[in-house]
Number of protein chains: 2
Amino acid sequence: MTDAAAKIVKPPRKPAVKRASGARKLVKAAQSVGDIKAAEALEGHRAPGPRERAGEARKAAILKAALGVFARLGLDGASVEAIAQAAGISKANLLYYHPTKEALYVAVLEQGLSLWLAPLSRFSEGDDPAEAIAALIDAKLVLSRDHPEVSRLFALEMLRGAPLLKPVLSGPLKAVFDAKVAVIEAWAAAGRLAPVDPPHLIFALWALTQHYADFAVQVRALTGKSLSEKRFMEETRAAVTALVLDGLRPR
Amino acid sequence: MTDAAAKIVKPPRKPAVKRASGARKLVKAAQSVGDIKAAEALEGHRAPGPRERAGEARKAAILKAALGVFARLGLDGASVEAIAQAAGISKANLLYYHPTKEALYVAVLEQGLSLWLAPLSRFSEGDDPAEAIAALIDAKLVLSRDHPEVSRLFALEMLRGAPLLKPVLSGPLKAVFDAKVAVIEAWAAAGRLAPVDPPHLIFALWALTQHYADFAVQVRALTGKSLSEKRFMEETRAAVTALVLDGLRPR
DNA sequence: TCCAAGTTTGACCAAATGGTCCAAGTTCGA
DNA sequence: TCGAACTTGGACCATTTGGTCAAACTTGGA
């Protein structure tokens, strides 16, 4: 049988992975934060099946490996081979689950999105401002400690100009952002907060906390410590909270 | 004349560019901040010459182009061809000035280093704390506005784990850092400042200001503005300064 | 004017890399 | 037990890309 004949008899069987626009997928992911299984549930739930389960686990392992590699090397710096190796599978096998490197990258971003967006959404007008802000700082620092790669990945994406994330930023994120700006304004109006500029306060909270993940090398080089050390974590939490709440000027 | 003969008659003439360890070069650069011409002056100064002058200018243009490309795409994402194109020359010509892509990258980093390190070194114990800090914030914001690519390049390098910068971080930078920590401690001890944690204060000042360069896309997506707009620049300066000096709690 | 040194580039090369293909397993369910 | 669908990876391919080379061009200065 010639090669040509073979080609005709057995037409190439593309893996049945849908190829959506990365950006579109991300927006959807951002919208359904905390409701991930919704779509699946709607279109009839078959039993998980032991095989499917194993598949999910492997897929998760791949994403984890990919996160690590992407966060350190970036989309361009990371090679599919390297990720496959980190995941303990062959390159071809990795490509079986994620048709292209970029698709994999989007999947990783998608997975980190809820983690990334969550802390901000947690405070509302009823809360005590000082407490809510302290809680936000704590939540973001915990994230910087336990998932620095997620923070770094998003930082990397921002530095690239956020080609994939921009729709998320100006869509779902902006919605949350605006809502929280309103909350802070209300607090300030009620005199429960000094008259700060709400958007800048939010940026400040993000910057102050993410810094310990994104610039961890620098922090380590200058202080010799990192958030993974309990004492330093606590020290950082206290310092950031004190600074934000009370400022530098002696009272 | 055969090719072989030609080879013998005209042995390859390597460009006279010294190939130093990237990291070592960076440390030296960091140490001689503000004293760039020192070495040159020592080893006998010939007149600049018109050709040499033009060469310098071209070299500067290359560095500028490279900064732009590296800051957006990263070391791996940037192709030598793309940089050459941005500089308006051929790839081979670019490689004539900088023997390897990494060497070019180091040169770019080196060039940004003084800019990067300068603002912190500017305050001393004699200054008024509030003024000195406000000045630092202003200086860093100006830098974020006028040279965001420099900020982004360094951020990128940090996210990579700073393989090239680590010696600078734990050497020259740590020296300045420690000195300024002492200054802040003195201020606090004299009661001129609330009892903040000095290292964390410095991190905070960096994080708060660099954020507007590194995460400019996000800032733009959420507020529609950027530091290049005069009003927004001023607004940001005021907000950050107020937050740092007075905090959130109403007085 | 003339040439040696410096500059520039097109052609080329080898390695790395994203992605394809197919043959060989593996496993679930009937 | 058997086969269809799902997995897996070795071999392979086309492209990109960092870097080399030699030949041609430009120019300052003697």
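Within every chain, numbering begins at 1; the chains are lettered A, B, ... in the order of the sequence lines, protein sequences first and strands thereafter.
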To the nearest angstrom, the CG-C1' distance between L94(A) and dT7(D) comes to 13 Å
Could you tell me the separation between the CG atom of D76(A) and the C1' atom of dG18(C), rounded to a whole number of Å?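 Those two atoms, CG and C1', are 12 Å apart.
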Side-chain N or O of [X] versus OP1/OP2 of [N]: is the shortest distance under 4.0 Å?
{"X": "N93(B)", "N": "dT9(C)", "value": "yes"}
{"X": "R58(A)", "N": "dT7(D)", "value": "no"}
{"X": "Y96(A)", "N": "dG19(C)", "value": "no"}

From C-beta outward on [X], which listed nucleotide comes closest to its side chain: [options]?
{"X": "K101(A)", "options": "dT9(C), dG18(C), dT17(D)", "answer": "dG18(C)"}
{"X": "Y97(B)", "options": "dT17(D), dT8(C), dG9(D)", "answer": "dT8(C)"}
{"X": "A92(B)", "options": "dT7(C), dC21(C), dT20(D)", "answer": "dT20(D)"}

With sugar-phosphate meaning primed atoms plus P, OP1 and OP2, does A78(B) contact a base, only sugar-phosphate, or nothing at under 4.0 Å between heavy atoms? sugar-phosphate
Quick one: list whatever passes side-chain contact (heavy atoms from CB on, under 4.5 Å) with L156(A), sequence neighbours left out.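 If we apply the side-chain contact (heavy atoms from CB on, under 4.5 Å) test to L156(A), skipping adjacent residues, the hits are L156(B), L159(B).
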For the pair E149(B) and K64(B), find out whether any cationic side-chain nitrogen is under 4.0 Å from an anionic carboxylate oxygen. no
Taking donor-acceptor contacts at under 3.5 Å, does the side chain of K91(B) reach the base of dG18(D)?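 By the distance-only test, yes, there is a pair.
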Walk me through whether R160(A) and E157(A) qualify under salt bridge (charged side-chain N to carboxylate O under 4.0 Å, His left out). CA-CA 5 Å; R160(A) 289 207 313 162; E157(A) 186 58 19; 3.2 Å; yes
Is the F177(B)-F203(B) ring centre distance short of 6.0 angstrom?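 Yes; F203(B) has its ring centre under 6.0 Å from that of F177(B).
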Does the structure show a Watson-Crick or G-U wobble partner for dG29(D), both distances under 3.5 Å? Name it, or say none. dC2(C)
